[in-house]
Number of protein chains: 2
Amino acid sequence: MPRILIVDDDEKLLHMLRRTLVYEGYQVLTATSGLEALARLQEQPLDLIILDWLLPGLSGVEVAARLRAAGDSTPILMLTARDAVEDRVEGLDSGADDYLVKPFAPAELLARIRALLRRVGASQPERPLTYADLYLDPTTREARRGSRPLVLTPREFELLAFFMRHPRQVLPRQRILEEVWGYDFRGDENVLEVYIGYLRRKMEAGGEPRLIHTVRGIGYVLREA
Amino acid sequence: MPRILIVDDDEKLLHMLRRTLVYEGYQVLTATSGLEALARLQEQPLDLIILDWLLPGLSGVEVAARLRAAGDSTPILMLTARDAVEDRVEGLDSGADDYLVKPFAPAELLARIRALLRRVGASQPERPLTYADLYLDPTTREARRGSRPLVLTPREFELLAFFMRHPRQVLPRQRILEEVWGYDFRGDENVLEVYIGYLRRKMEAGGEPRLIHTVRGIGYVLREA
DNA sequence: TAACAACCTGAGAGTCCGCTGAGAACGGAT
DNA sequence: ATCCGTTCTCAGCGGACTCTCAGGTTGTTA
């Protein structure tokens, strides 16, 4: 169970991230300032640091630079609202290992976290997902139902992957939207129904039984029968 | 699994190199000064040393010279920011076996490491790469599709070689850029698309089926069908 | 069974991504 | 200095993907 430190001064985002990561089985620590982060880092070793670019006092870049200067090589995932190339470069130069622009979909954050942890060999390489006769390999982005290959768009792939990471669980619509579309999703919620439709059509194109079921009033669930 | 010692006082670079080499399956040790390097070398035998030219205290050249004076013949790969011919000569004179100018692409570093290790017969000689009807020999830089020779520029060759070292894996654009163009790549990412285009044109000039496929939103993959 | 809410689906608009041709910049060789 | 191979930049095109919308269907409740 890898330990992750999240450093951000936005309490709401912090809360959301904690919930998401804990849910995925990570052990989560938080800090709301650069100094607090450095303090936490001295207490115990960590497997990953998620660092906001803008922080009160010590900025994320400075925190990263200080860590690296001290010989600490813990992977750093930098968050930023900005998108300029120079920022990206500066971020990576300061010692960050990866970089994510807000707003982002939690699914993407999780993918990057897994990638970073895998890179340093911290823990589990991202295993292929299976449920019933479904097969999904996040590494090769291959998807199959039985022996029939599924051709999925990125959004469809992320959506199905999310279901497969939580099989047999009834997933509320709002949660799916937050996780797959992004924590700040503000569009028409009907888009979820549309994509469920896309997935069902592709997953049942060979006459196979339905796996994604509607739970009226709540959301959807991936299960047999 | 060959053991490699990296000696550099730039923590950032050290961190990057460790990541790259560990990922390739090498066992990595690090040191940030010449003295520390010599200490590490006494502890256990190594297969290769990557040595920065500029080091606090004992310089890279001095470290190499002392090693050779002590009768140690471990291959040394010298890194330097300078490009002057005299430096190169002095570096090689001091006992270095090869020489790499910063900044360099990780793919090039890996190629040199493999070459050095092969020279001393330390471990796996760099075998020719094959996939489907593709053939690529990194030593002779020969490339063929079936019996038809492919005339590739250096960049094209490195790009295809990278694909062939990770067949069937979907490789994210960013990863390809980092590995083939260099860890500090800052140009227009479109260059990757352009080179994919070059490769495809040459690889399919005989009417053969496509092997490098686009994975929209992610990157590319080398695979049949 | 009527009325309402929740969900599904087809169609199409708009956006984004990747492909390509043209040519500029670069560097080594002559 | 000029040439030539190589690398890279740029702009425009076309198509894939995402999302919205409207109308139809299904399920629930009174």
Side-chain angles (χ1 to χ4, degrees), chain A residues 83 85 101 103-105 107-108 141 143 150-160 162 170-174 176-182 184-205 210-221, chain B residues 83-85 88 101 103-105 107-108 141 143 150-162 170-182 184-205 210-221:
Chain A
D83 198 11
V85 176
V101 175
F104 49 85
E108 164 139 38
R141 269 200 114 66
L150 300 176
V151 181
L152 304 179
T153 71
R155 189 70 92 203
E156 290 164 0
F157 190 95
E158 283 309 324
L159 180 55
L160 181 53
F162 182 58
V170 175
L171 303 169
R173 304 164 61 90
Q174 201 48 46
I176 301 175
L177 286 167
E178 280 179 11
E179 298 279 344
V180 179
W181 269 263
D184 68 336
F185 177 79
R186 292 188 197 289
D188 186 343
E189 296 190 7
N190 171 254
V191 71
L192 174 56
E193 296 158 24
V194 173
Y195 271 82
I196 292 288
Y198 291 161
L199 274 184
R200 281 176 174 161
R201 195 184 315 171
K202 292 184 178 179
M203 289 166 65
E204 301 160 11
R210 175 152 298 188
L211 287 179
I212 297 180
H213 305 275
T214 304
V215 182
R216 203 179 164 80
I218 311 288
Y220 298 91
V221 59
Chain B
D83 197 11
V85 177
R88 178 182 167 79
V101 175
F104 48 84
E108 165 141 36
R141 286 197 95 72
L150 300 176
V151 181
L152 303 179
T153 71
R155 188 70 92 200
E156 290 165 1
F157 190 93
E158 283 308 325
L159 180 55
L160 182 53
F162 182 58
V170 175
L171 304 170
R173 304 164 62 90
Q174 201 50 44
R175 169 118 193 272
I176 301 175
L177 286 167
E178 281 177 11
E179 298 277 346
V180 178
W181 269 262
D184 66 340
F185 176 77
R186 310 175 172 209
D188 186 344
E189 296 190 6
N190 171 255
V191 71
L192 174 56
E193 296 157 25
V194 173
Y195 270 82
I196 293 288
Y198 292 162
L199 274 183
R200 281 177 174 161
R201 197 183 312 171
K202 293 184 178 179
M203 289 166 65
E204 301 160 12
R210 175 153 298 189
L211 287 179
I212 298 180
H213 304 274
T214 305
V215 182
R216 193 157 227 272
I218 310 290
Y220 298 91
V221 59

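Chain identifiers are assigned alphabetically (A, B, ...) following the order of the sequence lines, protein sequences preceding nucleic acid strands; residue numbering begins at 1 within each chain.
Across the interface with DNA chain D, nearest-nucleotide mapping of B/Thr153 and A/Arg155 shows B/Thr153 to be the residue nearer the 5′ end. Heavy-atom nearest nucleotides on DNA chain D were determined for B/Glu156 and for B/Glu193, and the one closer to the 5' end corresponds to B/Glu156.
Listed pair B/Trp181 / D/dC8 meets the phosphate criterion, a side-chain N or O lying under 4.0 Å from OP1 or OP2. In terms of phosphate contacts, A/Arg201 brings a side-chain nitrogen or oxygen within less than 4.0 Å of OP1 or OP2 of C/dG10. Note on B/Thr214: every side-chain N or O is 4.0 Å or more away from OP1 and OP2 of C/dC17. A sub-4.0 Å separation between OP1 or OP2 of C/dG18 and a side-chain N or O of B/Arg173 is present.
On a pure distance criterion of 3.5 Å, no polar donor-acceptor pair joins the side chain of A/Asp188 and the base of D/dT18.
Atom-to-atom, CG of B/Asn190 to C1' of D/dC13 comes out at 13 Å; the value is rounded to the nearest Å. Between B/Tyr195 atom OH and D/dT6 atom P the separation is 9 Å, expressed in whole Å. C/dC8 atom C1' lies 17 Å from atom NZ of A/Lys202, rounded to whole Å. For the pair B/Ile196 CD1 and D/dC8 P, the interatomic distance rounds to 14 Å; values are reported in whole Å. Distance, B/Leu199 CG to D/dT6 P: 13 Å, rounded to whole Å. In this structure, the CD atom of A/Glu158 is 14 Å from the P atom of D/dC17, given to the nearest Å. Going from atom CZ of B/Arg216 over to atom C1' of C/dT15 covers 10 Å, rounded to whole Å. Counting to the nearest Å, the C1' atom of C/dC17 and the CG atom of B/Leu192 are 13 Å from each other.
The residue from B/Leu171, B/Leu159, B/Val170, B/Ile176 that alone fulfils the side chain to side chain contact (heavy atoms under 4.5 Å, CB included) condition with B/Tyr220 is B/Ile176.
Within the 6.0 Å centre-distance limit, the rings of B/Trp181 and B/Tyr195 are counted as a close aromatic pair.
Contact annotation for A/Tyr198: base contact, defined as any heavy-atom pair under 4.0 Å involving a base atom.
A donor-acceptor contact shorter than 3.5 Å links the side chain of B/Arg200 to the backbone of B/Ile212. Panel note: side chain B/Lys202, backbone B/Val151; a donor-acceptor pair is recorded below 3.5 Å.
At least one side-chain heavy atom of B/Met203 sits less than 4.5 Å from a side-chain heavy atom of B/Leu160.
Comparing atom distances between the B/Val191 side chain and each of D/dT6, D/dC8, C/dA5 picks out D/dC8 as nearest.
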